[in-house]
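Some notes on the structure that comes next.
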Amino acid sequence: MRNKIVVFGGSGFIGSHVADHLSEAGYEVIIYDIKDSLYLRDDQEIVIGDILDFKKVENVTKDAMAVYNFAALADLDEALSKPVQTVEINLLGTIRILEACRKNDVKRFVFASTVYVNSKEGGFYRCSKKAAEEYIQEYHNRYGLDYCILRYGSLYGPRCGEDNGLWQILNNAIKTGKLQYMGHPDSLRDYIHVDNAARASLKALNNDFKNQHIILTGQELMRVLDLLKMIGEILDIKKDIEFQDTVYTGHYIRTPYSYNEKVGKKYIPSMHVDLGQGILQMINEIKNSATDQKD
């Protein structure tokens, strides 16, 4: 049986942790990323490349039993200012990987999505992930490519980047001795440690997770205010917590599960072209076009 698994975006935060757990489970792990990995193990290989390079993507997925895709423009604020790049990486890049999986008969495609997909928040990042999920499902319907979509909550832990929300809070507290939060005091989050999320992500290969949408979040919602109090106790910070309650575009306050589809309204003009007349019009246009080509 094939034992090879390709982890796109495997040099990053969650991707590198999942790659480690896959290796420990005995899989042959190939990391594909646009940058080198600081966490590459001796029993892993890495291919440096862009997910938009289809030939390279197709080549690396040959003989793979499964593919994980963590490659993304994942920072909400960055995505808000880069809508085109967000589509290119998060949607078009995903489609190129899907097509490579189809051509190489990969058995399972595992996609890193977000709890924002069914929210009114999340901006262009949410849009790109939602659209990618639709393509994944359609590839399954059309070509039989099995998948598992993992909708991650608020991840934290080692290897996270400077764009990680909890990292920003901790880094600022350590440097300044202040507890500050760019957001609303009533904000709630489902924090999940990256190792817990990575171990759960391995389950995506099981039959019970085939063609499922799985939410991976913490055990319970936690107020950011309570989190800051905990950090204050740990770091022995006595100063009051500072909330910068500004319009924090794209970020939810209490829950991301608040998406409402807009109802489509049908408009029929009082005066409109009759269907039969419209067909006659097209027939006439086609005939005239054929005549013009002969002339």
Side-chain angles (χ1 to χ4, degrees), residues 4-16 18-19 22 29-35 46-62 64-76 78-80 82-119 122-152 155 197-198 201 204-205 209-216 250:
K4 173 183 170 180
I5 295 180
V6 181
V7 182
F8 287 91
S11 295
F13 179 31
I14 177 64
S16 65
V18 171
L22 287 168
V29 175
I30 310 295
I31 292 171
Y32 186 102
D33 206 301
I34 201 167
K35 62 180 184 297
I46 187 167
V47 175
I48 305 297
D50 193 321
I51 57 173
L52 297 177
D53 185 341
F54 181 69
K55 288 186 178 180
K56 208 164 188 177
V57 169
E58 183 181 15
N59 185 61
V60 78
T61 54
K62 287 179 180 178
M65 63 166 286
V67 162
Y68 282 75
N69 183 23
F70 296 99
L73 195 162
D75 182 85
L76 267 65
E78 185 180 3
L80 284 171
K82 297 179 179 178
V84 175
Q85 293 94 322
T86 301
V87 170
E88 289 174 341
I89 298 170
N90 296 2
L91 181 56
L92 183 56
T94 297
I95 296 170
R96 292 198 186 284
I97 297 172
L98 283 168
E99 184 64 8
C101 288
R102 180 187 73 82
K103 287 191 171 185
N104 289 322
D105 193 29
V106 173
K107 301 305 180 185
R108 185 72 55 87
F109 178 78
V110 183
F111 182 66
S113 190
T114 172
V115 292
Y116 275 100
V117 290
N118 289 321
S119 168
F124 295 124
Y125 173 69
R126 177 195 64 80
C127 294
S128 67
K129 289 293 186 177
K130 184 71 173 180
E133 285 195 11
E134 294 289 341
Y135 268 90
I136 292 165
Q137 292 173 81
E138 197 58 33
Y139 259 79
H140 169 70
N141 296 337
R142 178 69 178 84
Y143 303 116
L145 174 59
D146 289 331
Y147 66 87
C148 180
I149 292 171
L150 302 174
R151 293 174 177 167
Y152 293 98
L155 293 164
S201 300
L205 300 175
F209 287 73
K210 184 167 68 174
N211 305 323
Q212 299 295 316
H213 298 68
I214 306 298
I215 296 173
L216 292 178

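Because the structure is predicted, anything quoted here is derived from the model rather than measured. Just so it is clear, the values below take in all heavy atoms, side chains as well, and ignore hydrogens, waters and symmetry mates.
Comment: Arg102 engages Glu99 in a salt bridge, judged by a side-chain N to carboxylate O separation of less than 4.0 angstrom.
Judged by distance alone, with hydrogens and angles left aside, the side-chain atoms of Asn90 form no donor-acceptor pair with the main-chain N or O of Lys129 at under 3.5 Å. Counting only distance, with no hydrogens or angles, the side chain of Tyr68 and the backbone of Ser201 share a donor-acceptor pair below 3.5 Å. Between the side chain of Asn59 and the backbone N or O of Lys55, no donor-acceptor pair lies under 3.5 Å.
Lys107 has its side chain out of reach of Asp146: every pair of non-hydrogen atoms, C-beta onward, lies at least 4.5 Å apart. Side-chain contact between Thr94 and Tyr139 is absent, with no heavy-atom pair separated by less than 4.5 Å. The shortest distance between side-chain heavy atoms of Phe8 and Val57 falls below 4.5 Å. Phe209 is not listed as a side-chain neighbour of Val110, based on a closest heavy-atom distance of 4.5 Å or more. Here the side chains of Phe70 and Asp33 are not in contact, with every heavy-atom distance at 4.5 Å or above. Considering only heavy atoms from C-beta on, Tyr147 stays 4.5 Å or farther from Leu145 through its side chain. Counting heavy atoms from C-beta outward, Pro83 and Val87 have side chains that stay 4.5 Å or more apart. Annotation: side chain of Thr114 is not in contact with side chain of Tyr152 (no heavy-atom distance under 4.5 Å).
With values rounded to the nearest 0.5 angstrom, Thr61 atom OG1 is found 9.5 Å from Tyr32 atom OH. Note that the CG atom of Asn118 and the CZ atom of Arg126 stand 8.5 Å from one another [nearest 0.5 Å]. Residue Cys148 holds its SG atom at 8.5 Å from CG of Leu205, rounded to the nearest 0.5 Å. Atom-to-atom distance recorded for Leu155:CG and Phe13:CZ is 5.5 Å, nearest 0.5 angstrom. We find the CD1-NZ distance between Ile51 and Lys56 to be 13.5 Å, quoted to the nearest 0.5 Å. Of the inter-residue distances, the one linking Phe111 atom CZ with Leu98 atom CG reads 8.5 Å to the nearest 0.5 angstrom.
Heavy atoms of other residues, nucleotides or ligands lying less than 6.0 angstrom from CZ of Phe54 number more than 12.
The two atoms that bring Glu133 and Ile149 nearest to each other are OE2-CG2, 3.4 Å, heavy atoms only. Taking both residues in full, the closest heavy atoms of Ser11 and Ile46 are given as OG-CD1, 3.7 Å, listed atom of the first, atom of the second, then distance. For the residue pair Ser128 and Thr86, the shortest heavy atom distance occurs at OG-CG2, 3.6 Å. The minimum heavy-atom distance linking Ala64 with Val6 is given by the pair CB-CG2, 4.1 Å.
Screening Val106, Val7, Val60, Asn104 for a side chain to side chain contact (heavy atoms under 4.5 Å, CB included) with Val67, the sole residue that qualifies is Val106.
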*Is there a salt bridge (charged side-chain N to carboxylate O under 4.0 Å, His left out) between Glu78 and Lys82 once you walk through the steps?*
CA-CA 6 Å; Glu78 185 180 3; Lys82 297 179 179 178; 2.9 Å; yes
